[in-house]
2 protein chains.
Amino acid sequence: MELEQLAECYKAMADKTRLNILALLRHEELCVCELVEILQMTQPSISQHLRKLKQAKLVKERRNSQWIFYSIDGEIYPFIKENLEALPDMSEKIEQLKVSGGKVCC
Amino acid sequence: MELEQLAECYKAMADKTRLNILALLRHEELCVCELVEILQMTQPSISQHLRKLKQAKLVKERRNSQWIFYSIDGEIYPFIKENLEALPDMSEKIEQLKVSGGKVCC
DNA sequence: ATGCTATATAAACATATGGTTATATACTAA
DNA sequence: TTAGTATATAACCATATGTTTATATAGCAT
């Protein structure tokens, strides 16, 4: 692959918050407000991280009325599967979101 | 794996120069002066990049008299093989080095 | 020892990155 | 239309990163 594209990919993954987002999206697609709730960060911050991931083609978005759902993409990277598998399991966080009713908004 | 460690790995790979170094080391171990010659960058710059790669455990070093040879490590990362395979082929650069006599010094 | 080569480290600086606050946009509901 | 919610973008600022120049360290050769 092109070094340019690879560098963009790794740059996008070179941040704990974005790795957390990818780890969460491995379980299921999520909208911005859910990520804000789970990661306890401000909405603009989450949005900016998502933009970087999207630019690197690591996630894709889908609009559903007022919500925008993000999910894993990365199909341009031959190694994406192995890299995602190395991420920690986030089922607990996802569960917490559902229990706390954070899932209601979407 | 720990997010901390993964982030360090991707940070180390999030730079074109360092990806170039990894791509070159895939072919064979190289010393600093050879990398300086191939990449046409200053020695301190190369040394600092190597330090980051070493800290992330992506390369290891071996001293041989006054030269320090760097080679691929990355065994702590389950995905390392697939990621290295995505790097562009550098045989041409390695050939050039040998032809130009740059290989003589080491 | 002395000088030479290879490499590492430090200091300084410009640029990139990530967070915050404020504002704009897009959609929904009334 | 107006108000409310979800998201994106912009401006600002503090910190991180990469490059350069200068200097220190380590090993070799004489």
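Chain letters run A, B, ... following the sequence lines, proteins first, then strands; residues in each count from 1.
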ask   = Do the side-chain N or O atoms of Arg18(B) get closer than 4.0 angstrom to the phosphate oxygens (OP1, OP2) of dG18(D)?
value =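 For dG18(D), OP1/OP2 do have a side-chain N/O of Arg18(B) under 4.0 Å.
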ask   = OP1, OP2 of dA6(D) versus side-chain N and O of Tyr70(A): anything below 4.0 Å?
value =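 False: Tyr70(A) side-chain N/O out of range (4.0 Å or more) of dA6(D) OP1/OP2.
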message = Gln43(A) vs Ser47(A), test: side chain to side chain donor-acceptor pair (under 3.5 Å). Steps then yes/no.
response = CA-CA 6 Å; Gln43(A) 173 266 314; Ser47(A) 277; 3.1 Å; yes
Euclidean distance, atom [atom1] of residue [X] to atom [atom2] of [N] [Å, nearest integer]:
X	N	atom1	atom2	answer
Lys16(A)	dA16(D)	NZ	P	13 Å
Tyr10(B)	dG18(C)	OH	C1'	20 Å
Leu39(A)	dT20(C)	CG	P	12 Å
Gln43(B)	dA8(C)	CD	P	7 Å
Trp67(B)	dT7(C)	CH2	P	8 Å

task = Might you confirm whether atom CD of Glu75(B) has over 12 heavy atoms from other residues, nucleotides or ligands at distances under 6.0 Å?
result =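 Incorrect, the count does not exceed 12.
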inquiry  = Classify Lys52(A) by what it touches in the nucleic acid, base, sugar-phosphate, or nothing, heavy-atom distance under 4.0 Å.
reply    =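 Sugar-phosphate, backbone atoms only, no base.
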request  = Would you mind classifying the nucleic acid contact of Ser45(B) as base, sugar-phosphate or nothing, using non-hydrogen atoms under 4.0 angstrom?
outcome  =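 Answer is base: heavy atoms of Ser45(B) come under 4.0 Å of a base.
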Heavy atoms from C-beta onward define the side chain here; which of [options] lies closest to that of [X]?
X	options	answer
Thr42(A)	dG18(C), dA8(C), dT20(C)	dT20(C)
Cys33(A)	dT21(D), dT7(D), dT7(C)	dT7(D)
Arg63(A)	dA6(C), dA26(C), dA8(C)	dA26(C)
His49(B)	dA22(D), dT19(D), dC28(D)	dT19(D)
Val32(A)	dA8(D), dT9(D), dG19(C)	dA8(D)
Ser47(B)	dA26(C), dT7(C), dT17(D)	dT7(C)
Ser65(A)	dA6(D), dC27(C), dT9(D)	dC27(C)

task = Return yes if a side-chain donor-acceptor contact under 3.5 Å exists between Asn83(B) and Tyr77(B), otherwise no.
result =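 Result is no, nothing qualifies.
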ask   = Looking at dT17(C), does its base get a donor-acceptor pair with the side chain of Gln48(A) below 3.5 Å?
value =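 Flag unset: no donor-acceptor pair detected.
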message = Go nucleotide by nucleotide along DNA chain C from the 5' end; which of Gln66(A) and Thr17(A) gets its closest nucleotide reached first?
response =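 Between the two, 5'-proximity favours Thr17(A).
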request  = Determine yes or no for a side-chain-to-main-chain donor-acceptor pair under 3.5 angstrom, with Glu34(B) supplying the side chain and Cys31(B) the backbone.
outcome  =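 At least one qualifying donor-acceptor pair exists.
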query = Taking the side chain as C-beta and beyond, is there a heavy-atom pair between Leu6(A) and Phe79(A) under 4.5 Å?
reply =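 They are in side-chain contact.
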